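Accompanying notes for the structure given below.
In this text the structure is predicted, and so the values were computed from the model without any measurement.
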Number of protein chains: 2
Amino acid sequence: MPRATAATEKKVTDLLKRQTLSVTESRKRILQLFLEQPGALSHGDIEKRAGGMFDRVTIYRTLQTFVDRGLIHTIPSADNAIRYALCKDECGDGHHRHEHIHFVCTECEQTFCLDEVVTPVIRLPKGYSTDQIEILVQGKCKQCTVAERR
Amino acid sequence: MPRATAATEKKVTDLLKRQTLSVTESRKRILQLFLEQPGALSHGDIEKRAGGMFDRVTIYRTLQTFVDRGLIHTIPSADNAIRYALCKDECGDGHHRHEHIHFVCTECEQTFCLDEVVTPVIRLPKGYSTDQIEILVQGKCKQCTVAERR
DNA sequence: AGATTTTTGCAACTATGTTGCTATTTCGGT
DNA sequence: ACCGAAATAGCAACATAGTTGCAAAAATCT
């Protein structure tokens, strides 16, 4: 877990300022963790990777703040461990607009956003209305498929 | 929460025997809870509805057993509360085959299986393979929509 | 730099989920 | 209907996850 370079330091600071959030150590560090790697992170993942640098409560609150401001979004799961991933720029204060699906790899156990796969329209029976659609695909990811062929 | 009639008593007993599970009070009661109402139930829901009749651990283990035997299936959620719903007959020992989507109502907060809505095929990028697809739609359900019009 | 506002860390608490062990219940055979 | 073997339930203890109130510390504004 590399320390922040000047460049990433500036990047996370900018992201926070853009959301009019005060720039604090924990926010910078947690945001950096998301930028450092492609997958989604659970609260527990962050706690481990931050290495006891912050209080658990701070991490909970920071994640909640990021979700509220549209910096990250939640990904449901079947194992009682909500994961969080960075949002693209379209998400703003309290509004999340996600058209992509989420992929859970059974090999590396990572969860990714597949931005290039758009959620299809789901036709519901009469009387039902749709607010939001979440698509969770489980399988083997690209990296793990390649790794296995070797 | 009505006590089991002779008819439902027989029904749950038959369901359990069909899976070669021993017929115990807790299994009968928990299965009955699922049959009594249309929505999905979380562990907590069952604990409440069973009214302290069984130990928490028993409920956890019973749910796990039911999932293993294909009597019920899990539904992921974004609020760290896995829900369980009855399976149709196609699910057997260790194999779950679900083609339906799940609907979460924002009004009544219930989760249902929409058996009539089939999960679409999702085309993934090269290198990814699919084991399972879970579709979670959030919105307002039929009952709540009707209730509001009155 | 100082006042104000926001955020953090701590403590305490609730809820959720797991494991090992023993007592009880269920089931198959008679 | 009863008995022994096997499965299940309950208990205790523990582990993990998430919440709230409050005082100390840090960030922001001017």
Side-chain angles (χ1 to χ4, degrees), chain A residues 4 9-10 12-33 40-69 71-72 74-84 93 109 111, chain B residues 9-10 12-33 40-69 71-72 74-84 93 109:
Chain A
E9 172 89 19
K10 175 147 192 343
V12 294
T13 302
D14 284 355
L15 272 169
L16 290 171
K17 287 195 174 161
R18 202 174 306 160
Q19 299 298 331
T20 55
L21 287 169
S22 0
V23 179
T24 68
E25 277 310 306
S26 54
R27 287 178 181 169
K28 282 193 290 182
R29 194 70 236 280
I30 291 173
L31 204 45
Q32 198 206 329
L33 286 176
L41 298 171
S42 67
H43 173 272
D45 294 334
I46 293 168
E47 210 174 325
K48 280 187 211 93
R49 295 184 196 209
M53 200 164 7
F54 312 108
D55 193 84
R56 279 165 7 88
V57 177
T58 300
I59 298 175
Y60 281 115
R61 292 199 267 228
T62 302
L63 289 172
Q64 191 52 58
T65 304
F66 285 0
V67 170
D68 292 344
R69 296 308 181 95
L71 274 170
I72 60 178
T74 58
I75 304 172
S77 85
D79 69 346
N80 270 347
I82 291 179
R83 289 181 176 76
Y84 301 86
D93 214 1
E109 308 210 305
T111 299
Chain B
E9 172 89 22
K10 176 149 192 341
V12 294
T13 303
D14 284 355
L15 272 169
L16 290 170
K17 287 195 174 158
R18 202 175 303 161
Q19 299 297 331
T20 56
L21 286 170
S22 4
V23 179
T24 67
E25 277 309 304
S26 56
R27 287 179 182 169
K28 282 193 291 182
R29 195 70 234 282
I30 292 173
L31 204 43
Q32 199 207 327
L33 286 176
L41 298 171
S42 68
H43 172 274
D45 293 333
I46 293 169
E47 210 173 325
K48 279 187 212 97
R49 295 184 196 209
M53 199 159 14
F54 313 108
D55 194 84
R56 277 162 13 87
V57 178
T58 300
I59 298 174
Y60 280 114
R61 292 201 266 229
T62 302
L63 288 172
Q64 191 51 58
T65 304
F66 285 179
V67 171
D68 292 344
R69 295 309 181 93
L71 275 170
I72 60 177
T74 58
I75 304 172
S77 84
D79 68 346
N80 270 345
I82 291 180
R83 288 181 176 75
Y84 301 86
D93 214 1
E109 307 210 305

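- Across the protein-nucleic acid pair, B:Leu16 atom CG and D:dA9 atom P stand 10 Å apart, rounded to whole Å.
- Backbone-only engagement by A:Arg27 is indicated by non-hydrogen atom pairs under 4.0 Å involving sugar-phosphate atoms exclusively.
- Between A:Ile59 atom CD1 and C:dG9 atom P there is a gap of 9 Å when expressed in whole angstrom units.
- Contact annotation for B:Ser26: backbone-only contact, meaning every heavy-atom pair under 4.0 Å involves sugar-phosphate atoms and none involves a base.
- Across all strands shown, B:Arg61 has heavy atoms under 4.0 Å from base atoms, whether or not it also approaches the sugar-phosphate.
- The distance between atom NZ of A:Lys17 and atom C1' of D:dA27, rounded to the nearest whole Å, is 11 Å.
- In this structure the side chain of B:His43 never reaches within 4.5 angstrom of the side chain of B:Ile82, judged on heavy atoms.
- For the pair A:Glu25 CD and C:dT6 P, the interatomic distance rounds to 20 Å; values are reported in whole Å.
- Residue B:Thr24 has no polar side-chain atom (N or O) positioned under 4.0 Å from OP1 or OP2 of D:dT8.
- Between B:Ser22 and D:dT8, a side-chain N or O to OP1/OP2 separation shorter than 4.0 Å is present.
- Between B:Glu25 and B:Phe54, the closest side-chain pair of non-hydrogen atoms falls below 4.5 Å.
- For the pair A:Asp55 CG and D:dA17 P, the interatomic distance rounds to 15 Å; values are reported in whole Å.
- Here B:Asp14 pairs with B:Lys10 in a salt bridge; the nearest charged N to carboxylate O distance falls below 4.0 Å.
- The separation between A:Leu21 atom CG and D:dT28 atom P is 10 Å, rounded to whole Å.
- Both A:Glu47 and B:Thr58 lie near DNA chain D, and the one whose nearest nucleotide falls closer to the 5' end is B:Thr58.
- Along DNA chain C, the nucleotide nearest to A:Thr65 and the one nearest to A:Val57 differ in position, and the one closer to the 5' end is contacted by A:Thr65.
- B:Leu63 places its CG atom 11 Å from the P atom of D:dA9, with the value rounded to the nearest Å.
- In this structure, A:Tyr60 and A:Asp55 have side chains that are not in contact, with every pair of non-hydrogen atoms separated by 4.5 Å or more.
- Put simply, NZ on B:Lys28 is 9 Å from P on C:dC27, counting in whole angstrom units.
- Between B:Arg27 and B:Leu31, the closest side-chain pair of non-hydrogen atoms is not below 4.5 Å.
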